[in-house]
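Shown next, in structure tokens, is the structure this report addresses.
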Protein chains: 2
Amino acid sequence: MSTIEDVAKLAGLSRTTVSRVINNHPYVSEDKRKLVIEAMNQLGYAPNSLARSLRSQKTDMIALLIPRIINPFFSKLVESIEMYASEHGYQLIICQTRYSSEKELNYMNLLKTKQVDGVILASIQNDWEVLEPFLDYGPIVLCNEFNERANVPSVMLNQMYGGYIATKHLLEQGHRRIAYCCGSTRSNVASHREIGFRKALSEYGIEFDEQYAFRDALHSEDGRRVFHQMMSLSESPTAVFTGSDEVAAGMISEAKKHGCKVPEELAVVGFDNQTITELMEPTITTVYQPVEKMAQKALEIMIEKIHSRTYRQREVYEFPLRLIIRESTVSNKLTDQ
Amino acid sequence: MSTIEDVAKLAGLSRTTVSRVINNHPYVSEDKRKLVIEAMNQLGYAPNSLARSLRSQKTDMIALLIPRIINPFFSKLVESIEMYASEHGYQLIICQTRYSSEKELNYMNLLKTKQVDGVILASIQNDWEVLEPFLDYGPIVLCNEFNERANVPSVMLNQMYGGYIATKHLLEQGHRRIAYCCGSTRSNVASHREIGFRKALSEYGIEFDEQYAFRDALHSEDGRRVFHQMMSLSESPTAVFTGSDEVAAGMISEAKKHGCKVPEELAVVGFDNQTITELMEPTITTVYQPVEKMAQKALEIMIEKIHSRTYRQREVYEFPLRLIIRESTVSNKLTDQ
DNA sequence: CTGTTAGCGCGTTCAC
DNA sequence: GTGAACGCGCTAACAG
């Protein structure tokens with residue numbers, strides 16, 4: 001457990017010189033540098049980063065707030081952000097809010113207590129007014145999230161466009177009774193998708209029908225449930241737009257179990273392009289989200305903010321989504337890209 | 001950006017008293033305590049944890065090393081560990097080694113540089129001799145891993161038993177030509193499963209056949225590939241034990257595509273009990289792993305080690321696995337638990 | 001080029 | 001009950 005002082009003594013030099021060597025400062029003669037390095041090796045010395053951080057007021061740590069990592073979308077996001085972070089010498093602290101505003105606040109305190117240099121919010125539970133004061137302590141970057149009142153950088157995917165192209169695809173296949181099945185409306189991800197969904201509909205002169213709207217579907221079980229809800233309607237939809245491949249898969253599984261043919265009797269679109277889309281039968285038409293790009297951009301912005309020390313500027317970066325057509329919306333023989 | 005000094009001044013007291021209030025020390029009169037709290041609120045004061053850590057030699061951070069978080073097994077592990085960690089006031093730093101021994105070493109340095117109080121290894125890339133010296137700087141706990149030469153706590157699942165019960169189940173269904181299809185043999189997880197697989201076979205007087213062994217299957221694509229490799233054998237297996245639900249799903253998908261009936265012509269067992277096992281048709285027989293329990297135990301041990309400051313004791317905690325029988329091994333009509 | 005010195009913000013003896 | 005003073009390990013003036 002040697003300190004810089006020990007190294008200095010062993011090398012017969014001062015702490016300063018050792019520090020200079022550690023930090024690659026100029027103005028250190030080559031022979032002293034050798035001496036220092038020798039001493040460091042001999043002692044197995046490693047600088048104490050706590051002391052460094054206290055001194056330099058930076059931790060090289062970033063907190064990433066997500067609801068739950070088990071969700072494949074967020075796994076992918078964490079995977080990417082961690083990768084880029086470590087490439088740039090930053091460590092990532094993972095913070096699962098589990099949709100609790102209280103937990104979110106606890107994690108935000110990492111910024112106030114100087115444990116991290118910045119916070120990436122990939123999920124927002126509190127009102128922006130509650131979060132805003134934390135900007136006094138460091139940068140906040142929104143990732144896959146957006147808030148009208150937040151004057152901070154926002155890196156996001158064009159969810160509206162995603163909802164639009166998926167729905168338009170269904171319309172082009174001739175469907176007119178199309179159900180909408182997404183997650184909580186609290187997230188602006190879902191609400192943006194709904195806007196795109198509605199836009200496509202209106203372009204075809206179709207009115208949005210509330211009885212075809214399901215706004216609490218997150219998992220495969222929800223897909224199964226919604227399938228039954230749809231089928232019990234007097235006029236069942238012939239197609240459905242879902243906000244997640246898992247939901248789509250659950251729905252398809254249940255449909256098949258009850259003899260409902262996909263896509264002939266019910267066309268289904270998923271979201272995310274997860275592995276499962278190519279494993280199900282039929283394979284699932286879905287919307288691909290360029291998560292890596294978004295992750296990379298979010299980190300890039302974060303690092304820039306940490307250095308520039310100006311946090312309250314609003315900037316929006318948006319990435320386009322892409323429709324991937326598979327069997328769940330187009331009958332087998334006709335499938336083409 | 002107020003410090004403890006500012007609070008002290010505003011309250012008309014000394015730093016010491018403020019510190020006592022922060023740390024809930026006794027011997028502070030009630031009125032002074034009120035004064036301090038008032039001042040803290042007024043200033044929006046939050047203690048600087050860097051300074052605290054430097055002083056107290058603890059960071060309340062734990063590093064968790066995994067290969068990649070995208071793997072659902074590790075997602076689940078991270079989810080659980082993070083949950084328990086935050087419950088106990090610890091933050092989790094996520095470290096993806098991506099199977100690189102170099103990256104692993106980089107992350108191990110978090111211990112040496114005092115950025116974390118301990119390291120949980122859920123993946124080991126380096127020889128133990130390389131890792132062992134880090135014990136000078138803090139506790140290491142193995143989670144889902146094991147090393148003969150490592151005198152540290154190990155929390156793991158009984159993978160041998162998992163391989164055994166899955167294989168035995170196939171044998172009981174009458175299968176005699178059973179293929180083995182797992183991931184890299186470098187991990188002792190896979191090798192333990194293979195031991196269990198062989199044990200079951202030998203109990204039925206069957207010899208392990210190397211041509212039925214595939215040891216590089218990790219993803220669904222590998223499942224597809226192995227399916228073809230198996231089918232091209234002069235005597236194809238009638239059943240296969242796989243080390244992952246994804247591999248099993250890929251194999252089943254490919255089998256169906258080529259008119260091979262599951263389970264009638266090929267019975268398939270997966271591993272992990274992931275969502276996909278209930279979405280595929282047929283649903284997939286699999287081995288359930290109590291990841292939460294393992295995670296909780298690993299963290300419990302870690303915290304205990306951090307406090308006790310003795311790191312070099314070997315302890316092994318093992319949790320049993322459980323077979324979940326579904327349609328991919330038992331023909332529909334006969335399915336029972 | 002090198003060393004001396006002063007904090008970064010906090011917790012903790014040790015006196016009072 | 002309370003406060004003065006030291007030091008955790010390091011970096012950055014400043015002086016030489």
Side-chain angles (χ1 to χ4, degrees), chain A residues 1-37 39-40 43-61 109-117 136-138 309, chain B residues 1-37 39-40 43-61 109-117 137-138:
Chain A
M1 221 66 23
S2 49
T3 76
I4 199 171
E5 184 74 46
D6 302 330
V7 178
K9 261 186 214 149
L10 184 60
L13 296 165
S14 76
R15 297 213 311 254
T16 312
T17 307
V18 178
S19 171
R20 289 214 179 90
V21 172
I22 294 172
N23 298 290
N24 284 313
H25 273 261
Y27 306 130
V28 183
S29 66
E30 200 45 44
D31 34 341
K32 308 257 169 184
R33 158 171 275 112
K34 286 257 169 62
L35 234 50
V36 169
I37 290 176
M40 294 201 318
L43 292 172
Y45 169 79
N48 180 322
S49 21
L50 289 173
R52 287 186 116 175
S53 294
L54 179 60
R55 194 51 242 251
S56 61
Q57 304 285 20
K58 56 203 263 320
T59 61
D60 293 341
M61 301 240 184
N109 266 315
L110 291 172
L111 200 56
K112 200 169 174 182
T113 59
K114 299 285 165 210
Q115 295 187 76
V116 298
D117 292 341
D136 289 346
Y137 308 100
R309 301 182 167 280
Chain B
M1 220 66 25
S2 48
T3 75
I4 199 172
E5 184 74 46
D6 301 330
V7 178
K9 261 186 214 149
L10 183 60
L13 295 165
S14 77
R15 296 212 316 252
T16 312
T17 308
V18 177
S19 170
R20 287 214 181 91
V21 172
I22 293 172
N23 298 290
N24 284 314
H25 274 259
Y27 305 128
V28 181
S29 66
E30 199 44 45
D31 34 341
K32 310 256 170 182
R33 158 172 275 113
K34 286 257 170 64
L35 234 49
V36 169
I37 290 175
M40 294 202 315
L43 291 172
Y45 169 78
N48 180 319
S49 22
L50 289 173
R52 289 187 115 175
S53 294
L54 180 60
R55 194 49 242 253
S56 62
Q57 304 284 21
K58 57 203 260 323
T59 61
D60 293 342
M61 301 240 183
N109 265 315
L110 292 171
L111 201 55
K112 200 168 174 182
T113 59
K114 300 282 165 214
Q115 295 186 77
V116 298
D117 292 341
Y137 307 100

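Numbers restart at 1 for each chain; the letters A, B, ... are given by sequence-line order, proteins then strands. Side chains included, hydrogens not; waters and symmetry mates left out as well; all remaining heavy atoms used. Remember, it's a predicted structure, so these values are computed and weren't measured experimentally.
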> Will you find, in the side chains of A:Glu5 and A:Thr3, an N or O donor that is under 3.5 Å from an N or O acceptor?
Replying inline: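 Short answer, no.
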
Determine whether [X] and [Y] make a side-chain contact, defined as any pair of heavy atoms from C-beta on separated by less than 4.5 Å.
{"X": "A:Arg20", "Y": "A:Leu13", "answer": "no"}
{"X": "A:Tyr45", "Y": "A:Leu10", "answer": "no"}
{"X": "B:Val36", "Y": "B:Val28", "answer": "no"}
{"X": "A:Ile22", "Y": "A:Val7", "answer": "no"}

> Whole Å only: how far is the CG atom of A:Leu35 from the C1' atom of C:dT2?
Replying inline: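 The distance from CG of A:Leu35 to C1' of C:dT2 comes to 13 Å, rounded to the nearest Å.
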
> Taking OH from A:Tyr27 and C1' from D:dA13, how many angstroms apart are they, rounded to a whole number?
Replying inline: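 Result: 15 Å.
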
> Using a cut-off of 4.0 Å between protein heavy atoms and nucleotide atoms, how would you tag nucleotides 8-16 of chain C 5' to 3' with B, S and -?
Replying inline: BBBBB----

>> As an exercise, state the distance from OH of A:Tyr137 to CG of A:Asn109, rounded to the nearest 0.5 Å.
In response: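 Rounded to the nearest 0.5 Å, the OH-CG separation comes to 9.0 Å.
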
>> Does C:dT2 have OP1 or OP2 under 4.0 Å away from a side-chain N or O of A:Lys32?
In response: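 Yes, because at least one side-chain N or O of A:Lys32 sits under 4.0 Å from OP1 or OP2 of C:dT2.
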
> Does B:Thr17 place a side-chain N or O at less than 4.0 Å from the phosphate oxygens OP1/OP2 of D:dG3?
Replying inline: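 So the side-chain polar atoms of B:Thr17 do come within 4.0 Å of the phosphate oxygens OP1 or OP2 of D:dG3, strictly under.
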
